2 protein chains.
Amino acid sequence: MGANESDAIEPGVDAPRFVPLYRQIKALITRGLRDGTWLPGGAIPSEMELAARFNVSQGTVRKAIEELAAENLLVRRQGRGTFVATHDEPRTQFRFLRLRPDDGVEQGFVNRILECRRARAPVDIARSLALRSGEAVILIRRLLSLGETPTVLDEIWLPGRRFRGLTTERLAARGGPLYGMFEREFGTRMIGANERLKAVAAGREVARALQVAEGAPLLQVERVSFTYDNVPVEVRKGHYVTETHHYATEVG
Amino acid sequence: MGANESDAIEPGVDAPRFVPLYRQIKALITRGLRDGTWLPGGAIPSEMELAARFNVSQGTVRKAIEELAAENLLVRRQGRGTFVATHDEPRTQFRFLRLRPDDGVEQGFVNRILECRRARAPVDIARSLALRSGEAVILIRRLLSLGETPTVLDEIWLPGRRFRGLTTERLAARGGPLYGMFEREFGTRMIGANERLKAVAAGREVARALQVAEGAPLLQVERVSFTYDNVPVEVRKGHYVTETHHYATEVG
DNA sequence: GAGTGGTCTAGACCACTGA
DNA sequence: CAGTGGTCTAGACCACTCG
């Protein structure tokens with residue numbers, strides 16, 4: 001007998017002996033998403049059509065799509081179709097910026113780009129992005145303000161290859177959320193991220209940028225974001241002022 | 001045909017015009033969990049038996065169970081059965097205490113009860129617990145340490161009715177996680193919680209208890225936990241030392 | 001009314017566990 | 001080997017959207 005010809009799932013450390021059909025279908029759909037066959041905001045083919053195309057039953061396609069919808073890669077809308085999730089929706093943005101006003105009255109952030117330049121990856125960034133130390137990266141520094149109040153100072157590291165051509169001008173030209181622009185202009189869609197939070201005392205530089213006293217308590221947020229197949233594509237080091245805001249999350 | 005006899009779903013503000021069968025089955029199973037018909041760690045009846053009991057197909061029961069498993073109320077184990085989730089498992093504890101060592105080397109916390117007494121609910125606690133201001137509550141103060149290093153100072157508020165008879169002695173007698181004891185001894189299982197995080201400067205009392213300098217940055221964590229049907233049953237105000245640890249979470 | 005996703009059923013067979 | 005959950009199929013019908 002030949003070797004296992006499944007190329008849908010990479011073997012990993014513990015090669016599973018059995019891969020259900022719907023997982024293979026899921027991998028095929030994921031590939032279409034990654035490749036840009038179907039674009040963010042657009043519809044994918046109907047269940048019936050995918051079932052015919054892959055030569056499986058509708059129920060099998062459905063199970064694959066249900067998992068992708070649970071992972072926020074797809075959005076199902078009864079009567080209309082199944083759509084590729086996009087960052088150009090307020091709901092999605094809320095999921096990625098967890099800072100909320102204590103009094104519940106939402107206000108929009110104003111985004112100011114302080115800097116955007118090419119650099120060589122320091123060791124820690126390189127490790128997080130699965131690059132070699134010294135490889136080309138892009139560094140963005142930006143400030144989010146509420147009205148006149150600086151609130152979030154971010155330092156964003158991106159792999160140079162994937163974001164070639166990203167400049168301050170392009171960032172300034174495009175308002176709106178960064179992740180929306182990344183998926184439109186660079187074909188890189190952020191799927192999720194891991195965050196590590198600490199309370200720290202404001203250093204001199206950060207304190208000045210955020211207009212707080214040196215030594216003031218700040219929420220430090222380190223994020224590693226990934227795209228399809230858990231490939232890391234962004235490191236973000238943020239400092240949040242939590243005087244009138246809090247970081248909201250759910251556990252359980 | 002008679003009127004719709006479903007008493008499984010409460011109408012809510014927007015009474016849904018259509019409630020699928022599997023949701024009604026889900027509500028019936030949830031009731032059994034809430035009532036203690038099936039206890040944490042124990043098995044619920046098999047899919048076939050539930051299908052027969054409720055007079056629906058196995059597939060419908062399966063869909064109800066799948067949702068409950070996705071919400072971490074049930075745990076499915078192929079070949080063995082479906083079990084009621086319990087806090088007496090390390091996996092579950094990790095989900096509720098998000099503090100992790102920076103270097104990845106896990107260490108167990110030592111739990112010391114500083115105080116446990118009856119009190120009257122302040123306004124904010126009362127509101128969070130859906131009590132009237134001044135109603136009986138239990139206040140626990142406790143310290144989690146890593147070796148000799150105090151790391152987490154918690155102030156825990158519980159509704160007096162539900163936790164009648166909870167004393168320092170009972171807390172001390174039972175080691176292990178609080179939530180495990182709550183579900184065993186008081187029949188109240190914590191399902192999930194919302195947390196609000198801020199960076200704050202240590203006040204005098206807190207600084208002394210955590211052996212840090214007054215004004216040192218601390219991670220303040222305010223938690224409201226709920227049991228079945230989203231009923232709030234605990235308010236927790238914590239201060240975390242994040243010198244060598246971080247709060248880990250996922251976004252997306 | 002045509003087309004989409006959503007529900008429900010019935011049955012066959014597979015993967016896994018434990019006695 | 002019996003019993004459990006897991007997969008896959010096929011078909012019927014329902015709820016919803018939109019032209």
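This one's a predicted model, so the numbers in the text were calculated from it and none came from an experiment. Each chain gets a letter, A, B and so on, in the order its sequence line appears, and its residues count up from 1.
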Looking at [Y] and [X], is any side-chain nitrogen of the basic one under 4.0 Å from a carboxylate oxygen of the acidic one?
X        : Y        : answer
A/Lys26  : A/Glu71  : yes
B/Arg98  : B/Glu195 : no
A/Asp154 : A/Lys237 : no

Presence of B/Ser46 side-chain N/O under 4.0 Å of D/dG3 phosphate oxygens OP1/OP2: no
Nucleotide D/dT4, atom C1' - distance to CG of B/Leu50 in whole Å: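 Rounded to whole Å, this separation is 12 Å.
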Atom pair distance, as rounded to whole Å: CZ in B/Arg23 and P in D/dA15: 15 Å
Covered region of DNA chain C, 5' end to 3' end, by chain A [heavy atoms, under 4.0 Å]: C/dG3 to C/dA15
Crowding at CZ, A/Arg164 (>12 non-hydrogen neighbours, <6.0 Å):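 Counting neighbours around CZ of A/Arg164, 12 or fewer heavy atoms of other residues, nucleotides or ligands fall under 6.0 Å, so no.
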DNA chain D: 5'-proximal contact among A/Gln58 and A/Phe18 (nearest heavy atom):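 It is A/Phe18 whose nearest nucleotide is closer to the 5' end.
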5' priority, DNA chain D, between A/Gly59 and A/Arg80 [closest heavy atom]: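 Checking each residue's closest nucleotide, the 5'-ward one belongs to A/Gly59.
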Sugar-phosphate, base or nothing in reach of B/Arg62, heavy atoms under 4.0 Å: base
Heavy-atom pair of closest approach, residues A/Arg142 and A/Ile156: CG-CD1, 4.2 Å
Near-ring test B/Phe182/B/His87, centroid separation under 6.0 angstrom: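 No; B/Phe182 has its ring centre 6.0 Å or more from that of B/His87.
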